[in-house]
Protein chains: 2
Amino acid sequence: MELFWTKGYHNLGVDEICRKTGMTKGAFYNSFKSKEQFLLTTIENYGNFIAEYLQNQLSDNKQKPFDRLLALYKKMLEAQTETNHMGCFVNNTMSELGTLNVSVASTTSEQFDKFLNVIEPTVREAQLNQELIDSIDSKLLTKTIHTTFFGILTTSKSTKTSGYSIMETIMHSLKK
Amino acid sequence: MELFWTKGYHNLGVDEICRKTGMTKGAFYNSFKSKEQFLLTTIENYGNFIAEYLQNQLSDNKQKPFDRLLALYKKMLEAQTETNHMGCFVNNTMSELGTLNVSVASTTSEQFDKFLNVIEPTVREAQLNQELIDSIDSKLLTKTIHTTFFGILTTSKSTKTSGYSIMETIMHSLKK
DNA sequence: ATAAATAAACAGACCGTTCGGTACAAATTA
DNA sequence: TAATTTGTACCGAACGGTCTGTTTATTTAT
């Protein structure tokens, strides 16, 4: 997964996948129908992993919902600075292959929706708590916040400004 | 450029570039040192084109600066729905190759900065006009707005919600 | 002005390499 | 022993890039 993430799909050969993971080609093609099918499986694994991570981070009831959200995004932005990839694996794959391959398009947007569904209850909670604006419905607000986050995640690696200051600006401006 | 945009770098062969543009390989390699150099040239052309477009859209003095900004982003989001590519060409290229190729990384972030520099005066004007929050400096606010826009541009194609409603939410929440 | 010489641009067959994927024998498991 | 998994040599296709012959434009000589 790390490999797809940093190198993308077309720049990563099956040979290299096998070399780096210690598999052989025989084992690879015994387990996966094709390179594409391996990518789809990887996207789903990553999606499940992230969804679970989000769930865990947001279920800390000691903090207010708004603070939980902000802390989550801060943590994720910080995590990226320690790696050598940029952006989100799901979204990167979507931009690389989304217009070329319908399976990839549907799998990636499925995962994206899954993320939103995990986050939305906390956003709604924050709205009920009068911490976030409630003039728009929680689904749209969730998408607004998370889309912004992905924008930051994609661009912040190549700019000097800390991505977190942008996220902070947005989150505070969405406060009630 | 349209080709790189929809297909990405690795999925587009020199043969196809030549076929679709009516060039031959001889002409191509007479004009460009390599496929990579052609990409860099294309990015710069695209960057100049967009920067000029932004400049034109924002110089309409009949509207208030805030309205000019919102109209610009609306127009750009609408424009995308008529095409079959997604996201921004500069940013897509950055995610596909930014971690693998330093020339591409620097060229793309150069273009991104150019966009910000074109937009920033209008944002500053809106701040002075008391239309946008002035608690943060105009450069960071510009980056916040534009980064958000790119996030929307990248994801809105695969989601059902209109990207513009997200952009509207953000812009209005950043109002003074 | 015309012809010859030089340079630049072009066409596209072709090259070595790498790609995703297959074949099949060897090894492992049951 | 029968069935499954693994290692690896190998395949055709497609890749980026080169090479050589040819056309076209420009300069020079007469």
Side-chain angles (χ1 to χ4, degrees), chain A residues 1-47 84-85 89-108 111, chain B residues 1-47 84-85 89-108 111:
Chain A
M1 186 199 73
E2 284 290 330
L3 283 171
F4 273 137
W5 200 342
T6 53
K7 309 200 75 174
Y9 183 72
H10 285 110
N11 204 56
L12 174 65
V14 174
D15 279 328
E16 188 176 349
I17 296 173
C18 294
R19 211 177 329 118
K20 294 275 174 63
T21 60
M23 275 177 135
T24 60
K25 263 204 177 172
F28 182 89
Y29 278 97
N30 189 55
S31 305
F32 306 101
K33 204 175 104 280
S34 65
K35 185 189 171 190
E36 180 188 324
Q37 207 255 314
F38 175 66
L39 175 73
L40 294 175
T41 305
T42 306
I43 292 170
E44 275 163 23
N45 289 342
Y46 170 82
N84 65 326
H85 49 245
F89 173 48
V90 168
N91 271 35
N92 291 355
T93 308
M94 192 169 69
S95 351
E96 186 180 351
L97 302 170
T99 56
L100 304 168
N101 186 310
V102 287
S103 308
V104 172
S106 74
T107 305
T108 49
Q111 300 306 317
Chain B
M1 184 199 73
E2 284 290 328
L3 284 170
F4 273 138
W5 201 342
T6 53
K7 309 199 75 174
Y9 183 73
H10 285 111
N11 204 56
L12 174 64
V14 174
D15 280 329
E16 188 177 347
I17 295 173
C18 294
R19 213 179 325 118
K20 294 274 175 65
T21 60
M23 274 177 135
T24 60
K25 270 232 179 133
F28 182 89
Y29 277 96
N30 188 57
S31 304
F32 306 102
K33 206 174 103 282
S34 65
K35 184 189 174 191
E36 180 189 322
Q37 207 257 311
F38 175 66
L39 175 73
L40 294 175
T41 305
T42 306
I43 292 171
E44 275 164 23
N45 290 342
Y46 170 82
N84 66 326
H85 49 245
F89 173 48
V90 168
N91 270 38
N92 290 356
T93 308
M94 193 168 71
S95 6
E96 186 181 352
L97 302 170
T99 55
L100 304 167
N101 183 312
V102 287
S103 308
V104 172
S106 75
T107 304
T108 49
Q111 300 305 318

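In what follows, every chain begins at residue 1, and chains take the letters A, B, ... in the order their sequences are listed. Quick caveat: nothing in here was measured; it's all calculated off a predicted structure. The basis for the numbers below is simple: all heavy atoms, side chains too, and nothing from hydrogens, waters or symmetry mates.
- In this structure, B/H85 and B/W5 have parallel ring planes: the angle between them is below the 30° cut-off, well short of the 60° mark.
- Summarising the geometry, the separation between CZ on B/F28 and P on C/dC14 is reported as 22 Å, rounded to the nearest angstrom.
- The distance from atom NZ of A/K7 to atom C1' of C/dC19 is 14 Å, rounded to the nearest whole Å.
- Protein atom CZ of A/R19 is 11 Å distant from nucleotide atom P of C/dT18, rounded to whole Å.
- For the pair A/D15 CG and C/dG20 P, the computed distance is 7 Å after rounding to whole Å.
- Along DNA chain D, read 5' to 3', the first and last nucleotides having any atom under 4.0 Å from a heavy atom of chain A are D/dT5 to D/dT8.
- Mapping A/Y29 and B/T24 onto DNA chain C by nearest heavy atom places B/T24 at the nucleotide closer to the 5' end.
- Proximity note for A/K35 (side chain, C-beta onward) versus C/dG12, C/dG21, C/dA9: the nearest is C/dG21.
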Legend entry - Worked verdict on A/F4 versus A/Y46 for ring-ring contact (aromatic ring centres under 6.0 Å, His included): CA-CA 11 Å; A/F4 273 137; A/Y46 170 82; over 10 Å; no
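- A straight line from CG of A/N11 to P of C/dT18 spans 13 Å, rounded to a whole angstrom.
- C/dC19 atom C1' lies 12 Å from atom CG of A/L12, rounded to whole Å.
- Taking atom CG of A/N30 as the reference point, atom P of C/dA27 lies 18 Å away to the nearest angstrom.
- The distance from atom NE2 of A/H10 to atom P of C/dG20 is 9 Å, rounded to the nearest whole Å.
- A/S31 comes within 4.0 angstrom of nothing in the nucleic acid, heavy atoms only.
- At least one cation-pi condition fails for B/K33 and B/F38: the charged atom is not both under 6.0 angstrom from the six-membered ring centre and inside a 45 degree cone around its axis.
- Side-chain contact annotation: A/Q111 with A/T107, donor-acceptor N/O pair under 3.5 Å absent.
- Residue contacts for B/I17: at a heavy-atom cut-off of 4.0 Å it reaches no nucleic acid atom on any strand shown.
- Heavy-atom minimum distance, B/L3 versus B/K20: CD1-CB, 3.6 Å.
- For A/S31, the side-chain contact (heavy atoms from CB on, under 4.5 Å) partners at least two apart in sequence or on another chain are A/M23.
- From A/H10, atom NE2 reaches atom CG of B/L12 across 10.5 Å, with rounding to the nearest 0.5 Å.
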